[in-house]
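Here is the structure we will look at, set down as C-alpha cells.
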Amino acid sequence: MKADTLWLQNTLSGKKEAFEPINPPFVGLYVCGPTVYNEVHMGNLRTFISFDVLNRYLRYLGYKVRYVRNITDVGHLTDDSGEDRVEKRARLEKIEPMEIVQKYSRGFHRVSDVFGLLDPDVEPTATGHIVEQISMIQSIIDKGFAYEANGSVYFDVDRYAKEFEYGQLSGRVLEELDQQTRNLDGGEDKRFFADFALWKKASEDTIMKWPSPWGVGVPGWHLECSAMSTKYLGKTFDIHGGGMDLKFPHHECEIAQCQAAGEGSSARYWMHTNMLTINGTKMSKSLNNSILPMEFVSGEHKLLERGYPPMVVKFFMYQTHYSSPLDFSNEALQAAEKGFVRLQKGMESLENMPEGKGSKEDASVLLGVLNDALNHLSDDLNTPRCIASLFEVTNSIQRMQHHSTSLDSDTKSQCLAIFKGIVHDILGLEFSDSSAQNDSLDKVMGALLGIRNKARTEKNWAVADALRDGLSSVGVTFSDNKEGSSWEIK
RNA sequence: GGUCGGUUGGCCGAGUGGCUAGGCAAGGCUCUGCAAAAGCUUGUACGGCGGUUCGAAUCCGCCACCGACCUCCA
C-alpha cells in the first residue's frame, strides 16, 4: 500500500475527506448502473467512465476492490402511467420484457468494451434478487418503518424521520418538500406524501411479477440497490456512487431503507458525478437530446461533425473534473483529439529516448512532474490536473529529444512505468498501435518510401511531392526529418 | 417558489489569499527543398457592484445571468 492519501469529495458530509477503507486492503464500491429499457447514452456512460477511473485508481494504489454495479431490469416505473419501464418498452416493441433486458444489457456491455471499461466484479440484476428484496421489506415492516396498503408496501417516511434524519444526503427538508410534490400513481394508498413504494401490487396484465407475503407484485426501484449492496458488500461499505440526478430521491431512499431495515448506514462515502450537457442542458433520455456512445464513434448524429475514437472521447471527458458539468462540442472534441495525439507522441519519444548518462536535473524534473500527475489523482480524482502534468512531462521529453539528450536507464524505466501506469492502467486509455500494421503493408510502404527517397536525393521534388500528396489523400502521412523519412496511417 | 452548484482569455477547462495551470486556436522565429512533426517565443482572463485584507479571480454581502434537483433520469 502506498503512503499517499486519497481524498474524495463525500456528498454525505459535503467535504473532501481522506479515504479510509473499513477493512483495508479491501474496498467495497457500489455504483448505480443503467435501467435497461433502452440504450445507454453518452451521459450515462460519463458516470460509468468516471467510476471506472476510481475503480482503476483504487486498484493501482493496491486496494482489493469489489466493484458492484447493478442492472435495473424491473421496478423502475414511468411517472405518467406508473407502468414498468422495461415492460412498457416490451409492449411497444412487441417482445418479451426479458428480451428487452437482454438486448439492452448486451448493448451496454458492448459499449463498455468499446470504451475500455473494466467489468464490475458483480453485476447483479433486480429480477435476480427478488427474494433478498422481499426479505428486506419484511425487515423494514418488522421494525415498524413500512406499512401494507391494498397489496402494496410503502416506506413510512414520517415515522422514519422521527428517529433518523431523512434528507441528509440531498439537504432536503421534509417540511419544505410538502408543497411541490407531483401526483403519482398509487398516491392514494400512501399515508404521507413523501412515502415511497417498497413493493407495488401488480395489475392483472403485468408480465413481470412475483408472489410475496403481500400479494403478487414488483419491487420498488430504490429497494434493489439497498438489497444488493447489502448482500454483496455488507451492511456498511466503503463507497457508493452514481450520477448526481440520483441523489434525490433514489439515494436518499436507499439510505433510509438500509437504516430502517437495521442494516446500518449503507455507504460511508457517497460520490456523485455531474451531467453531460448539450448547449448547457442536461443530456437526458426524456428530453430526447441524447447522443449514443456508438454515435460518437461513427459520427452518425446531426450534432456531430464527424466520428471520434472512443479513447479520444474518454480523454475529452477527463479534461473536465467529474463533479463539473461537461458541455459537449465538436470544437472541444477536436481540440482533445489533437492533444491526445500529442500525448501519444510524448510517450513514444520517451520510449525511444537513448539511454546514457543523462542529467540529474532532467531525471528529477521528469520524475517530479510524473509524481505530481499521480498526486493530482489522489486529490478527488483530479484528471484535468493530472493530464496537465502529463502535458508538462511531454513538453520536457520533446525538449530533451530536440536537444538529443539521453536519460539513464533506471530513470527512463521508472518514468515509463509511471507514465504508462497513469495512461493505461488508471485512465484506461490505449493509444493506436502504429507498429501493429501488417507485414505486407509494411513492405509496400517501405518500397514507396524508397522510391520517394530516391526522388528526393535526385531533387526530383515533383515526384516526391506527388507521392506524398497522393498517399495523404488515403490517410497516409509521410514526414521527413533529420533521421530520415517515415510514414504513418492516420 | 425552495435547495444546491456555476459565471475564468478566441474556444475548452483547472486552480490557489501573493508565485506561468494545461490543451486547442492565433502571431513571430528556428529546423526543413517544400510540408508535417518538433523546439523557442508573444497576446488577450477571472459576470457586475460593494466589503474584509498590505494584497482578492480566490473570503464575505448584494445584484444579474445560467444550470441541476425538488419522488422519471447516470
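Contact annotation for A194(A): base contact, defined as any heavy-atom pair under 4.0 Å involving a base atom. Base engagement by H41(A) is indicated by at least one non-hydrogen atom pair under 4.0 Å involving a base atom. The residue G280(A) sits close only to the backbone: its heavy atoms come under 4.0 Å of sugar-phosphate atoms, none of a base. If you check every strand for non-hydrogen atoms under 4.0 Å, R89(A) touches nothing. The residue L276(A) sits close to a base: some heavy atom pair falls under 4.0 Å. M244(A) comes within 4.0 angstrom of sugar-phosphate atoms only, judged by non-hydrogen atoms across all strands, and of no base. Here S50(A) lies out of heavy-atom contact (under 4.0 Å) with every strand.
Nucleotides C46(B) and G13(B) place their C1' atoms 13 Å apart, quoted to the nearest Å. Look at the C1' atom in both U20(B) and C40(B): the space between them is 16 Å, to the nearest Å. G22(B) and G5(B) have their C1' atoms separated by 24 Å, given to the nearest Å. U58(B) and U52(B) are spaced 13 Å apart, taking the C1' atom of each and rounding to whole Å. Nucleotides G47(B) and A35(B), compared at atom P, are 42 Å apart to the nearest Å. For the P atoms, the distance from C31(B) to A25(B) is 23 Å, rounded to whole Å. A68(B) and G50(B): their P atoms are spaced 32 Å apart (whole Å). With both ends at atom C1', the span from C11(B) to G48(B) equals 24 Å, rounded to whole Å.
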TODO: Would you mind building the protein contact string for nucleotides 37-47 of chain B? One character per nucleotide, 5' to 3', B for base within reach (heavy atoms under 4.0 Å), S for sugar-phosphate only, - for untouched.
DONE: SSSS-------
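Under 4.0 angstrom from either OP1 or OP2 of A25(B) there lies at least one side-chain N or O belonging to K338(A). Taking 4.0 angstrom as the limit, K459(A) places none of its side-chain polar atoms (N or O) nearer than this to OP1 or OP2 of C34(B). For K285(A) and A74(B), the shortest distance from a side-chain N or O to OP1 or OP2 is below 4.0 Å.
Heavy atoms of other residues, nucleotides or ligands lying less than 6.0 angstrom from CG of N279(A) number 12 at most.
Sequence order on RNA chain B of the closest nucleotides to A336(A) and A462(A) puts A336(A) first from the 5' end. Each of D195(A) and G242(A) has a nearest nucleotide on RNA chain B; the 5'-most of these lies closest to D195(A).
Proximity of H301(A) to F296(A): side-chain heavy atoms (C-beta onward) are nowhere separated by under 4.5 Å. Put simply, the side chain of P293(A) reaches to within 4.5 Å of the side chain of F115(A), judged on heavy atoms. Between T5(A) and W7(A) there is a side-chain heavy-atom pair separated by less than 4.5 Å. Inter-residue side-chain proximity for F328(A) and M283(A) is flagged as unmet; no heavy-atom pair is nearer than 4.5 Å.
The nucleotide whose nearest atom lies closest to any side-chain atom of R172(A) is, among A21(B), C69(B), A74(B), C69(B).
Side-chain contact of H250(A) with E254(A): a donor-acceptor pair under 3.5 Å is present, judged by distance alone. With hydrogens and angles left out, the side-chain atoms of N453(A) and S485(A) include a donor and acceptor closer than 3.5 Å. The closest side-chain donor-acceptor pair between Y104(A) and R89(A) falls under 3.5 angstrom. Residues T405(A) and H403(A) bring no donor and acceptor atom of their side chains to less than 3.5 Å of each other.
Between the SG atom of C415(A) and the CG atom of L366(A) there is a distance of 4.5 Å, given to the nearest 0.5 Å. Distance check, rounded to the nearest 0.5 Å: CH2 of W487(A) to CG of L448(A) gives 10.0 Å.
For the pair F478(A) and A36(B), the ring geometry does not qualify as stacking, because the centroid separation below 5.5 Å and plane angle under 30° are not jointly satisfied.
Applying the 90° cutoff around 0 to the glycosidic angle, G43(B) is assigned syn.
Checked by distance alone, N274(A) brings no side-chain donor or acceptor within 3.5 Å of a matching partner on the base of G5(B).
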Pairs under 3.5 angstrom, nitrogen or oxygen only, protein versus nucleotides 10-14 of chain B, please.
residue, atom, partner, partner atom, Å
C11(B), O2', E331(A), OE1, 3.2
G13(B), O2', Q319(A), O, 3.3
A14(B), OP1, H321(A), N, 3.0
A14(B), OP1, S324(A), OG, 3.2

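Screening T47(A), T273(A), D380(A) against Y322(A) for a side-chain hydrogen bond (donor to acceptor under 3.5 Å, both in side chains) leaves a single residue, D380(A).
For R69(A) and F51(A), the positive end is not near the middle of the six-membered ring at less than 6.0 Å and at most 45° from its axis.
In RNA chain B, the stems built from three or more successive Watson-Crick or G-U pairs (distances below 3.5 Å) are B:1-7 with B:64-70, B:10-12 with B:22-24, B:26-30 with B:38-42, B:47-51 with B:59-63.
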